[in-house]
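Here's the structure we're looking at; comments come further down.
Quantities reported herein were computed from a predicted structural model and do not represent experimental measurements.
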Amino acid sequence: MSIVVTGATGALGRLVVEELLKRVVPGEIVAVARDRARAAGLAARGVEVRIADYRRPESLQGVFGAGDRALLISGNEAGARLDQHRAVIDAAREAGVALLAYTSVLGGPSATFSLAEEHLATEQALLASGVPYCLLRNGWYHENYTGALAGALRTGAVVGSAGGGRVATAARRDYAEAAAAVLAGGGQENTVYELSGDTAWTMAEYAAEVSRQTGREIPYRDLPQERYVALMTEAGVPALGARMVAEADAGIARGELAATPGELSRLIGRPTTPIAEAITEALKELPA
């Protein structure tokens with residue numbers, strides 16, 4: 001039996017493998033990646049690397065084995081992900097995996113923004129497959145926001161269209177630690193976790209914390225959805241991605257990403273990383 005992590009060289013997948021290495025011996029871990037060179041560091045640490053691509057279903061044959069516990073990390077090609085996820089689910093079913101965990105979206109069916117649609121369809125496909133499942137319904141990452149800090153400091157404002165809605169973010173590493181705990185632990189068959197940070201905050205509160213830590217006045221500017229889409233596309237964000245981000249902000253305004261059930265902190269056995277700490281770390285990474 002192996003623990004198989006798909007998308008293992010991505011931002012989340014690499015962290016999941018790192019957390020698994022704290023729990024099991026390297027030889028029990030299989031890292032699935034598209035590029036062997038990018039996975040070389042994992043292979044050097046004793047992790048088995050298998051090459052496969054969500055976009056090529058035939059490449060998934062042999063990735064999983066009977067009794068494996070596996071993680072399907074959602075793809076990043078909006079609009080094409082459902083077929084890719086189905087290919088992974090089919091390969092896992094044919095192999096007879098013992099558990100297939102999937103990184104879905106906080107709230108599941110209650111999430112009405114377009115970014116959630118492929119996640120919900122994947123959940124339905126996984127449940128219909130008969131494969132023992134664990135739905136890891138992840139909320140938003142701190143990094144969704146701290147990754148844009150350089151731009152906010154350059155323009156002098158945090159922008160969005162979330163209004164006064166709250167969002168319960170956590171660090172990507174928090175979610176990775178939760179996934180590793182599920183994969184390395186026993187049981188978990190046919191379970192659902194609603195995973196989010198311990199505290200929900202507004203964009204105005206986020207901007208105030210950025211202001212406090214930088215000593216600059218960085219306000220939050222709430223934009224109409226269409227203006228926010230236009231601003232992102234002008235900055236080079238693909239049109240579909242920009243619209244999905246803006247629609248997710250509308251979901252935040254409706255309260256769809258504000259839940260704080262505490263399941264993430266219980267899974268990882270500690271409080272989730274505060275947004276203020278994430279801002280501090282992100283600021284350290286910026287050029288002086």
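- The shortest distance between side-chain heavy atoms of V88 and Y102 does not fall below 4.5 Å.
- Here CD of E18 is found 9.0 Å from CD1 of I29. Values are rounded to the nearest 0.5 Å.
- In this structure, V49 and R36 have side chains that are in contact, with non-hydrogen atoms separated by less than 4.5 Å.
- Note that CG of D68 and CD of E28 are 11.0 Å apart. Values are rounded to the nearest 0.5 Å.
- Between V30 and V5, every side-chain heavy-atom pair lies at or beyond the 4.5 Å cut-off.
- Atom-to-atom distance recorded for L60:CG and T6:OG1 is 9.0 Å, nearest 0.5 angstrom.
- The CD atom of E48 lies 13.0 Å from the CD1 atom of I3; values are rounded to the nearest 0.5 Å.
- With hydrogens and angles ignored, the 3.5 Å screen pairs no side-chain donor or acceptor of H85 with any backbone N or O of E123.
- Within 6.0 Å of the CZ atom in R166, the count of heavy atoms belonging to other residues, nucleotides or ligands exceeds 12.
- Checked by atom type and distance alone, the side chain of E118 pairs as donor or acceptor with a backbone atom of R81 at under 3.5 Å.
- Formation of a donor-acceptor pair under 3.5 Å by the N138 side chain with backbone atoms of V105 is not found in this model.
- Here the CG-OG1 distance, from L283 to T146, works out to 9.0 Å after rounding to the nearest 0.5 Å.
- A distance of 4.5 Å separates CG in L15 from CZ in R173, rounded to the nearest 0.5 Å.
- Checked by atom type and distance alone, the side chain of E205 pairs as donor or acceptor with a backbone atom of T202 at under 3.5 Å.
- When each of R266, Q188, E263, R137 is paired with Y193, the side chain to side chain donor-acceptor pair (under 3.5 Å) condition holds for Q188 and for no other.
- For the pair R270 and D174, the salt-bridge criterion is met [side-chain N within less than 4.0 Å of a carboxylate O].
- Ion pairing between R23 and E19 holds under the 4.0 Å rule for side-chain N and carboxylate O.
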Requested in this report: Let me see the working for S110 and E256 under side-chain hydrogen bond (donor to acceptor under 3.5 Å, both in side chains), right down to the final yes or no.
Outcome: CA-CA 7 Å; S110 67; E256 295 181 15; over 6 Å; no
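- Partner of T169 under the side chain to side chain donor-acceptor pair (under 3.5 Å) criterion, out of W201, Y206, Y141: W201 alone.
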Query raised in the report: Can you check side-chain hydrogen bond (donor to acceptor under 3.5 Å, both in side chains) on R216 and S211, steps first, answer last?
Result: CA-CA 5 Å; R216 295 174 53 186; S211 299; over 6 Å; no
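- Here the closest non-hydrogen pair linking I73 and G13 is CD1-CA, 3.4 Å.
- A donor-acceptor contact closer than 3.5 angstrom links the side chains of D198 and S265.
- Between R34 and Y54 the shortest side-chain heavy-atom distance does not fall below 4.5 Å.
- Counting only heavy atoms from C-beta outward, the side chains of L71 and V4 never approach each other to under 4.5 Å.
- Annotation: side chain of P261 is in contact with side chain of S196 (closest heavy-atom distance under 4.5 Å).
- Put simply, the side chain of V237 does not reach to within 4.5 Å of the side chain of L231, judged on heavy atoms.
- A salt bridge is defined here as a Lys NZ or Arg NE, NH1 or NH2 lying under 4.0 Å from an Asp or Glu carboxylate O, and R227 with E234 meets this definition.
- Checked by atom type, the side-chain pair S161/Q225 shows no donor-acceptor distance below 3.5 Å.
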